[in-house]
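Some notes on the structure that comes next.
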Amino acid sequence: MKQFTKKEMAPKYEHKSVENGKYEYWLKNRFFESGDISKKPYSIVIPPPNVTGKLHLGHAWDTTLQDIISRYKRMQGYDVLWLPGMDHAGIATQAKIDAKLKAQGISRYEIGREAFLKVAWEWKDEYAKTIHSQWAALGLSLDYTKERFTLDEGLNNAVLEVFCSLYNEGLIYRGERIINWDVEAKTALSNIEVEYKDIEGAFYHFIYPLVGEEGGLEIATTRPETMFGDSAIMVHPDDERYQKYIGKSVYIPGTNRIIPIISDEYVERDFGTGVVKVTPAHDPNDFEVGNRHNLPRIICMNEDGTMNELAGKYQGMDRFECRKQLVKDLQELGLCPSIEKMTHSVGHSERTGVVVEPRLSKQWFVKMQPLAEDVLKMQSKPETRIDFIPERFNKTFSTWIENTQDWCISRQLWWGHRIPAWYRGDEVIVSKICPGDDWKQDEDVLDTWFSSGLWTFSTFGWPEKTALLERYTPTDCLVTGYDIIFFWVARMAFQSKHFMNERPFKKCMIHGLIRDEQGRKMSKSLGNGVDPFDVIEKYGCDALRYFLTTNSTPGQDLRYSEEKIASSWNYINKIWNISRYIQMNLINYNYNDEAIDYTKLSSIDKWLLNKLNRVIDGVNENFEKYEFGEASKLIYNFVWDDFASWYVELSKVTFNDEASDKVNTCAILKEVITTILKLLHPYMPFVTEEIYQIFNEGSIVVSDWPTVYNIIDHSNDYKVDKMLNIITSIRNMRVNNNVAPSKPLTMIIDAKEDDVNFLEQHKAYLKRFANYETLSFDNEPSKEQAQVIVLDDLNIIIPLKELIDLEKEKERLNKEFTRLTNEVTRSSNMLNNPSFTSKAPQAKVDAEKEKLEKYKQQLNEVENLLKSLEAMYE
RNA sequence: GCUCGUUUAGCUCAGUUGGUUAGAGCACUUGCCUUACAAGCAAGGGGUCGGAAGUUCGAGUCUUUCAACGAGCACCA
């Protein structure tokens, strides 16, 4: 038997003492561990956070959503596997470690690959520790027995397997292409790692002097420094202005290097001067032109963005420094006739922020077209597709897949999966193992997204045929932000389709970005980031989680608001105090954990349980649609309005009545608070566990999700509502007329017999909440009595003239009169419209008829009241 | 240029298949320390749903169009 006195509740919610020790308790009892094969499996993989630093508010949001799903499904009786893990985050982590070494005056090239990797692993261990403690602080129900790291042995093996297979199938190739080069990180990037920003730049016009004759041709460029890599200039073959020059040559201005004038239809005659410099090694379009015309590919820059020996006197200068100096020099030589201001979009490295340099380089690529086609086929059928929530992201996803280009996967980094390609002279072998002593392995590593693309199956032991794979894949749901659909979701889709012949997950819930209170993106440079763990310190984890998951809608951004976190705290405090009240009464009335006696339910008990049933249904419905905000509102309104403001208040009458059945009221209070706690547990795991254990044995984590109560008798619900309306109306009248709640009134109620009987039986409630001196029931009230309250078919009469502000009351009634007149007109018009009565569903028509009747009756009552008031004026 | 999102109360946001009088939190007004909670209780005030047109018996919800803001993609010699 439960001892309700065993734990004393603080007078208000104290998040620290509530949260203290709970996570350890859950872990110790292994509630989060999966593997009960008697249950149906449900699996989610965490989007592995980078081991570059601490988790931010976005992580807190993303993981809390997953935790809600996990806890809900677990309580519903599923064998839930929420798989945790982290991402080595190649370029991001390496950049951090480089910076750390630099601070110590060391360069990674000095210490070499092996020593660098040792530092990197130490870094990883340190941050993994931090992340683990943060997951704990967030209360995440992760199954740590299945935790993986993208660079662990098993996952590395999966990556090598995938690379070799794709290579053998001809879907990975090595080639010289123009790639996006990050001069800071000194590595290639994929197309989507480049962010384009509109930059205030210039269109520089230069004269390329003709060889052997006077004059020259004027070209315009945004990147003057690349002229040292020019291998031609070109014009449109049909351009009459320049036809005569085709086949002749020009000097690169300021140098004596000679390049030919060629013609190509790629040139747009109307753009710029109609003459274009061709720099095949520094521009993707020029690269194509160069191929067509067999032009040399000349690289004029070093890997770090400085100019190389081809730049002559500018050698060693940074590209932008060179640009400035070069323009100045050519102006002096009269070879730069004009500079136009121009805004154009310039690619920046998503990671380091520097301007990306298009550059010719030999890299590894994934041939995307065949893989993309398979994904599109998969997406075309409902039974095989990834279903995005909200729905519109299906289109975003497919459009991107349709237009995807080959993916540059090699990175000139050390921290990552080393490419399993081996070289001996011109020979290349792709193999997981070294083919022999005289073979040298590729120095490069793979794009970090290459390994995270395998996350939904590599983590379950692939390429081995494991029981985990069999049981938990495809995973049921993935939760992530719309900002990484292309980076990650798309890659998981094609890898999973190709290697598992399955979608990686059935549902993909997309959320937005978290913004600051002004609506700006949270970023390091603005310094407007909010540390979730500061919030937890101040308001507790539950308040943070509740804020994050109930103030957002799928796919939409979320604005941080401390005010809303504070009101989440208030809500928790409310629940805390309701619980205190219940505990107090269970103790006072020696409640011994008796079950509810359903044969003894009062009308009010049924009214409450019927409402709770609707809440349970609504919560289930919304949870299935990932509408956690909508679900939370249903619970909130029930808790605050129906339960706290009404039932709990009404229960005080029951407890004060010596004749009443207190045991059943106790049983209902305990049952209802327990159900509320269960419904809220996914949102606020700590406080619900704390309170649950005051009223129940065991842990709420593994308790059963609420099911609807078998209460089918709704017959008196409307009478309860009527009674509550009477109370509200009288309270309203008191406020309007400055009648103190403490002033007892003489009340006469005019009602139908059935209602009178009900009200008579529940007089005690009217006594307490409407505070009558005398109460009588009369269907023919005397004219001298002031009629001030109208309610459905009930008149509540307060015969104390002196208490009533006649002017105010008249004003109120006139307003009411206008409103009702309008409603009657609207409703009559509707019902007189044959189109409505013939076309609308019968139920809607009937409902409208009922409404009209009600309005008419109310209008009639208001009219009578107004007459009575006027009589009183005289 | 293309695609998508947003525009609803003073502020921040909900509003699922078109169907009563459009909701919440915070803020505001009035009255209350009522033995769970003053970070509370009770009762209120406040929006015609960005503009226009259309479909429909009926539009915050569907269509077209315009505007502002935001995002993604493409182009950029």
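Bear in mind the structure is a predicted one, so any value in this text is a computation, not a measurement. Below, chains carry the letters A, B, ... as their sequence lines are ordered, and counting in each starts from 1.
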What integer number of Å spans the C1' atoms of B:C28 and B:C33?
22 Å
Heteroatom pairs (N/O) under 3.5 angstrom, protein to nucleotides 29-34 of chain B:
none

If you measure from the C1' atom in B:C13 to the same atom in B:G1, how many Å do you get, rounded?
33 Å
Could you tell me how far B:A71 sits from B:G31 if I compare only their P atoms? Round to whole Å.
48 Å
Angle between ring planes, A:W569 versus A:Y13, binned at 30° and 60°: parallel, tilted or perpendicular?
tilted
Could you go through A:W640 and A:I578, starting from their C-alpha distance and side-chain angles, then the distance that decides it, and tell me whether this counts as side-chain contact (heavy atoms from CB on, under 4.5 Å)?
CA-CA 9 Å; A:W640 210 303; A:I578 295 168; over 6 Å; no
Touch check for A:P11, heavy atoms < 4.0 angstrom, all strands: base, sugar-phosphate only, or nothing?
nothing
Would you say a side-chain N or O of A:W640 is under 4.0 Å from OP1 or OP2 of B:C41?
yes
Taking only the C1' atom of each, what is the distance from B:G5 to B:A24 in whole angstrom?
23 Å
Could you list the protein-to-nucleotides 6-12 of chain B atom pairs, N/O on both sides, closer than 3.5 Å?
unit_1, atom_1, unit_2, atom_2, d
B:U12, O3', A:R559, NE, 3.2
B:U12, O2', A:K564, NZ, 3.1
B:U12, O2, A:K564, NZ, 3.0

How is A:D286 classified with respect to the nucleic acid when contacts are heavy atoms under 4.0 Å: base, sugar-phosphate, or nothing?
nothing
Under 4.0 Å between any heavy atoms, over every strand shown, what does A:A566 touch: base, sugar-phosphate, or nothing? Just pick one.
nothing
Walk me through whether A:N620 and A:E624 qualify under side-chain hydrogen bond (donor to acceptor under 3.5 Å, both in side chains).
CA-CA 6 Å; A:N620 285 332; A:E624 291 303 321; over 6 Å; no
Is it true that the side chains of A:S651 and A:Y581 contain a donor and an acceptor less than 3.5 Å apart?
yes
What does A:W569 touch in the nucleic acid at a heavy-atom separation under 4.0 angstrom: a base, only the sugar-phosphate, or nothing?
base
Sorted by chain and number, sequence neighbours left out, side-chain hydrogen bond (donor to acceptor under 3.5 Å, both in side chains) with A:S645 holds for none
A:E853 has an atom CD; how far is it from atom C1' of B:U20, in whole Å?
15 Å
Can you tell me which stems involve RNA chain B, if a stem is defined as three or more consecutive Watson-Crick or G-U wobble pairs, both distances under 3.5 Å?
B:1-7 with B:67-73, B:10-13 with B:23-26, B:28-32 with B:40-44, B:50-54 with B:62-66
For A:N570 and B:G40, what is the distance between atoms CG and C1' respectively, to the nearest whole Å?
9 Å
List the residues meeting salt bridge (charged side-chain N to carboxylate O under 4.0 Å, His left out) with A:K197, not counting sequence neighbours, and say none if there are none.
none
On a plain distance test, is the side chain of A:K574 in donor-acceptor contact with the base of B:C37 below 3.5 Å?
yes
Show me the protein contacts with nucleotides 67-74 of chain B, counting only N or O atoms at under 3.5 Å.
none

Side-chain N or O of A:N551 versus OP1/OP2 of B:G25: is the shortest distance under 4.0 Å?
no
With rounding to whole Å, what would you report as the distance between B:A27 and B:G10 at their C1' atoms?
7 Å
Is A:N285 close enough to B:C75 that one of its side-chain N or O atoms is under 4.0 Å from OP1 or OP2 there?
no
Write down the distance between CZ (A:F388) and P (B:G5), rounded to a whole number of angstrom.
16 Å
So, is A:Y266 close to the B:C76 phosphate, meaning a side-chain N or O under 4.0 Å from OP1 or OP2?
yes
Looking only at side-chain N and O atoms, does A:N732 come under 4.0 Å of OP1 or OP2 in B:G44?
yes
Measuring only the P atom in each nucleotide, how far is B:C69 from B:C75? A whole number of Å is fine.
25 Å
What's A:F203 touching, base or sugar-phosphate or nothing? Going by heavy atoms closer than 4.0 Å.
sugar-phosphate
Between B:G47 and B:G54, how far apart are the two P atoms, rounded to whole Å?
27 Å
Starting at atom CG of A:D270, determine the distance to atom P of B:C76, rounded to an integer number of angstrom.
15 Å
